[in-house]
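Reckoned from all heavy atoms, side chains included, excluding hydrogens, waters and symmetry mates.
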Amino acid sequence: MGIGELDREAHVPEGRPKGTAAGPRTLAEALRARGDDGLAALLRARPDLLGPVPNDLTQLATRAGTRASVVRALERLDRFSLQVAEALAVAPDPAPYPVLLDLFTGGNEEPEIEAALPGAVARLREQALVWGEDDRLRLVRTARELLAPSPQHPSPTGLGPTVAEATAGMSPGRLQEIVAAAGLPSTHDPVSAVAALTGLFTDRERMGALLDTAPPEALAVLDRLVWGPPYGEVTSRPTAPVSWLRDRGLLLPVSPRTMVLPREVALHLRGGRAHRAPEPRAPEVGVVREYRPQVVDSAAAGQAYAAVATVEELLKSWDHGGPAVLRAGGLAVRDLKRTAAALDVPEHVAAFWLELAYGAGLLASDGEADERYAPTPAYDDWLDQPPAERWARLVGAWLAATRTPGLVGGQDAKGRTLSALGPDLDRAAAPEVRHRVLALLATLPPGAAADPESLLTRLRWERPTRGTTTARSTPAPPAAVPATGAASGTGGSAGTGAGAEPGAAGPWASEAAAGRGAGATRPAADLRERLARWALGDAELLGVTGRGALSTPARALLNLPLGKAAEPSAAGGGVEPEMAAERAAELLEPLLPQAVDHVLLQADLTAVAPGPLQRPLADALAVLADVESKGGATVYRFTPGSVRRALDAGRTASDLHAFLAAHARTPVPQPLAYLIDDVARRHGHLRIGAASAYVRCDDDALLGEILADRRSAPLRLRRLAPTVLAAQTDPASLLDGLRSLGYAPAAESAEGDVMITRADAHRTPPRTPPAPVPDGPPAPDATLLKAAVRAIRAGDHAATAVRKEPSAPVTTGGLPRTSAAETLATVQAAAMTGSAVWIGYVNAEGAASQRVIAPVRVEGGFVTGYDHTADEVRTYPLHRITGVAELADEEA
């Protein structure tokens with residue numbers, strides 16, 4: 001918005017006073033007439049206006065009219081409010097409220113629109129997109145430039161330019177030809193000719209009579225253009241119907257081969273309506289099925305426990321170091337495939353669990369030279385928490401995360417594949433979309449599962465636009481004209497073809513899809529729609545929803561009402577997040593399966609856990625046996641390798657027998673006891689140490705057997721002594737090689753002691769979770785809003801204070817200039833009388849400013865007084881005051 005709009009007085013009628021009785025003349029005056037609550041509402045709705053806090057209301061109005069701020073405000077309007085703004089952009093400026101109403105109703109009675117329109121106007125006025133009283137509604141200039149039609153661009157309503165705009169630059173002779181063909185009196189004044197055409201097209205009776213004489217083919221051409229796009233491409237020799245329309249000004253040329261339907265003609269054909277299908281009411285979220293709330297909570301609790309177990313399993317498999325970090329960051333595709341196979345889930349689901357653990361601060365890179373992923377120390381703290389608290393922490397991280405795992409596998413703007421845990425996965429809108437999806441689910445009765453398509457329709461209504469404003473300098477492509485001469489096609493920046501509602505996607509292009517990430521329904525889908533679809537799937541994976549309905553613990557976590565439907569605008573608030581997480585964990589805890597302290601041993605070398613095991617038992621059994629299958633009952637299998645793993649961890653055969661006897665509800669089967677004893681008898685018979693590596697054994701025949709085995713050739717062994725073999729490989733490789741041959745060697749230290757391989761986990765240094773990328777400035781809290789309003793009011797009071805003409809000249813920068821003696825005498829007099837003065841001040845950094853102060857004390861080269869600009873008491877050095885002037889008597 002330029003200064004011209006702020007100071008405009010051209011629309012103030014002669015003789016009307018400049019007070020509020022005539023209504024505000026500028027946006028700044030409209031803001032000045034608001035109360036503190038109104039200013040706070042504006043700053044809350046448009047927090048970008050607070051960076052930094054404006055000095056006064058004129059600066060606030062200027063900032064509210066900047067292109068970036070207006071675009072952001074328009075993007076956050078619901079569909080009907082945006083339709084109202086679009087209608088104001090094609091209405092006269094200023095537009096009386098009845099004119100705006102007629103653009104929606106066409107002069108007919110529309111109770112639903114009549115009831116919704118005042119609220120939409122109030123929302124636009126609250127956000128400073130519209131100002132003025134109801135008899136003089138004005139859309140801010142920047143919004144009008146974005147939404148209004150022009151000779152090159154139709155508006156989102158599908159309307160084209162006015163007759164005056166379309167005929168600008170047309171020769172007077174051509175205008176006279178059009179006037180004559182339309183049956184109007186000839187005039188030699190182009191201005192009056194345009195006015196006559198405009199009057200004809202806006203007169204319903206005369207316009208109807210003119211169209212009654214039109215050929216049916218010409219009316220068909222108009223039918224194709226009436227709802228947009230209004231442009232059509234013609235040949236050098238147009239057909240008779242097109243020529244008939246062109247001769248009478250019903251189609252006007254934009255270029256040698258492009259014609260446009262004037263706005264006045266389109267409005268007549270539309271019956272005076274700016275939009276084909278106004279949407280004053282938010283669509284309802286449909287219900288596909290209703291369950292008992294207990295069924296929903298049970299299903300959600302089961303999935304919540306599975307989510308916690310999956311994250312634990314994933315990170316436990318990376319206890320000794322996970323996959324390497326790519327040079328560009330992220331996880332290699334082959335490592336993602338291995339992780340998905342290990343978890344027995346699709347790759348996009350594995351990417352979700354990886355990103356969830358990363359966002360919760362449980363997983364990070366270790367920062368070593370050979371950088372790898374590993375659990376963080378926070379993972380150990382997370383394991384010590386009860387399952388319900390662990391779930392609440394995971395869901396809290398998911399709700400706040402801007403990283404979007406659904407994009408994994410797609411491509412960025414440069415065509416590079418997006419990898420899990422890699423860069424460029426942040427989407428600032430993700431948290432807001434997740435919260436809104438869950439809030440809409442909460443509006444349904446408990447146990448009701450929402451219809452996903454109706455939920456997406458509601459979200460599209462609430463936020464119909466997304467992305468950046470299209471460049472207004474690029475002309476819209478005209479529609480093609482077929483051989484019959486009827487303009488048709490799908491060209492144009494605002495329309496979607498004949499019969500489609502122009503502007504349904506708003507004036508902004510959808511944000512380009514970052515790739516064909518997992519879960520994307522189509523590559524070109526709008527980002528917010530894809531985020532919503534992913535949010536529904538992720539919520540089911542996490543146990544936030546059960547069978548498509550919001551669970552009771554999730555309602556508590558989101559600070560939503562329990563046991564009843566929430567308001568449509570429900571959003572978390574009123575309770576600290578920590579308290580909400582505790583409450584959610586309390587509600588979830590009774591629904592989770594209880595941990596058991598025993599297993600059932602079977603003769604086929606398996607053990608069945610009839611439920612989730614207690615942590616010490618689960619950790620010990622994971623070393624002694626391999627997981628064979630998961631589910632309600634986990635099956636573990638004992639193998640020679642798993643038993644040897646337990647022996648390597650320092651357990652003895654007697655320890656293992658005692659452990660099984662203590663935790664088995666069935667007797668230890670004989671095959672399992674024999675397996676343990678057999679592996680233990682051979683364990684450590686061979687000793688491996690560092691020479692580069694060596695093998696020693698008291699049984700020289702066994703060493704001879706190893707040397708004779710062809711499979712040992714890759715180890716490059718040679719005998720150094722009857723009981724010692726040397727190898728040209730490292731001890732770890734030698735250990736693994738001999739074990740692959742069926743032997744059970746044990747590693748030993750440099751001192752000859754057996755090395756016990758503890759299950760100590762590799763951990764990264766302490767890491768902080770990735771910070772979410774903000775979607776614009778954060779919403780200000782009540783304290784900041786109150787302080788900002790006070791500062792703006794104080795600055796506006798100082799800026800609008802009426803000052804006496806200074807006795808000394810004012811500098812170019814606007815600061816008064818007085819001598820040091822005059823400055824001292826004036827502030828001393830003001831301190832004695834308690835009056836306010838206007839000073840020019842230059843701070844230590846050399847920044848100059850004007851201030852209104854009420855001096856209370858002048859001493860020691862300083863003046864102390866109440867600064868109306870800062871709304872606080874301040875002290876100023878007298879030598880930094882450039883000059884002083886008294887305020888006018890009525891303001892002093």
Side-chain angles (χ1 to χ4, degrees), residues 11 74 77-125 127 129-141 143-150 153-166 198-205 207-208 222 225-230 260-281 461 464-465 494-495 499-507:
H11 293 285
L74 289 174
L77 293 177
D78 61 67
R79 182 167 300 240
F80 187 61
S81 298
L82 184 61
Q83 286 181 330
V84 172
E86 293 165 354
L88 283 172
V90 299
D93 185 27
Y97 182 84
V99 172
L100 176 63
L101 179 61
D102 286 344
L103 285 173
F104 281 93
T105 64
N108 302 318
E109 290 188 6
E110 299 277 357
E112 196 172 43
I113 292 178
E114 293 172 5
L117 187 57
V121 173
R123 283 190 293 275
L124 294 173
R125 188 180 278 134
Q127 298 191 34
L129 294 172
V130 168
W131 57 278
E133 302 299 328
D134 282 352
D135 60 336
R136 299 174 64 83
L137 293 173
R138 293 183 183 275
L139 192 66
V140 294
R141 179 176 301 174
R144 180 174 289 276
E145 292 173 353
L146 290 168
L147 301 175
S150 71
H153 300 273
S155 81
T157 61
L159 294 169
T162 62
V163 172
E165 293 169 343
T198 303
L200 170 63
F201 295 158
T202 54
D203 189 315
R204 287 186 177 272
E205 292 185 4
M207 186 63 175
L222 295 179
L225 299 177
V226 62
W227 291 107
V260 65
L261 182 69
R263 188 188 313 171
E264 294 86 351
V265 178
L267 283 174
H268 173 83
L269 296 172
R270 295 180 179 193
R273 296 174 182 267
H275 294 88
R276 189 173 196 174
E279 299 183 49
R281 187 168 57 90
W461 185 92
T465 60
E501 165 64 1

Minimum heavy-atom separation for M207 and L200, please, with both atom names. CB-O, 3.7 Å
Is the shortest heavy-atom distance from the side chain of V130 to the side chain of R138 under 4.5 Å? no
Find the distance between CZ (R204) and CG (L267) and round it off to the nearest 0.5 Å. 9.0 Å
Shortest non-hydrogen separation from L103 to A87 and the atoms involved: CD1-O, 3.5 Å
So, does R79 use its side chain to make a donor-acceptor pair with the main chain of P464 at under 3.5 Å? no
Could you tell me which non-hydrogen atom of L147 sits nearest to which non-hydrogen atom of E86, and how far apart they are? CD1-N, 4.1 Å
Please check: side-chain N/O of W227 versus main-chain N/O of L159, any donor-acceptor pairing under 3.5 Å? no
Considering non-hydrogen atoms only, spot the tightest contact between A274 and T157 and give its length. O-CB, 3.3 Å
Ionic contact status for E110 with R273, cut-off 4.0 Å: yes
Note: A166 and V260 closest approach over all heavy atoms is CB-CG1, 4.3 Å
Straight-line distance of L261 CG to L269 CG, nearest 0.5 Å: 6.5 Å
Given side chain to side chain contact (heavy atoms under 4.5 Å, CB included), test L100 with V121 step by step and report yes or no. CA-CA 10 Å; L100 176 63; V121 173; 3.8 Å; yes
Under the side-chain hydrogen bond (donor to acceptor under 3.5 Å, both in side chains) test, which residues partner N108, sequence neighbours left out? none
Euclidean distance, Y97 OH relative to L137 CG, rounded to 0.5 Å: 9.0 Å
To the nearest 0.5 Å, how far apart are CD1 in I113 and CG in L101? 8.0 Å
Please evaluate residues W131 and L139 with respect to the criterion side chain to side chain contact (heavy atoms under 4.5 Å, CB included), reporting the C-alpha separation (whole Å), side-chain torsions for both, the decisive distance (0.1 Å), and the verdict. CA-CA 7 Å; W131 57 278; L139 192 66; over 6 Å; no
Cut-off 3.5 Å, side chains only: do T162 and R263 have a donor facing an acceptor? no
In plain terms, say whether D78 and R281 are close enough for a salt bridge, that is, a side-chain N and a carboxylate O under 4.0 Å apart. no
So, for W461 and P280, which heavy atoms are closest and what is the spacing to 0.1 Å? CZ2-O, 4.1 Å
Ignoring hydrogens and angles, tell me if any N or O in the side chain of R125 forms a donor-acceptor pair with the backbone of G132 under 3.5 Å. yes
Intermediate values then yes/no, ring-ring contact (aromatic ring centres under 6.0 Å, His included), H268 and F201: CA-CA 7 Å; H268 173 83; F201 295 158; 9.2 Å; no
Nearest 0.5 angstrom please: L82 CG to E279 CD, how far? 10.5 Å
Under the side chain to side chain contact (heavy atoms under 4.5 Å, CB included) rule, what do R123 and L77 come out as? Steps first, then yes or no, please. CA-CA 9 Å; R123 283 190 293 275; L77 293 177; 5.7 Å; no
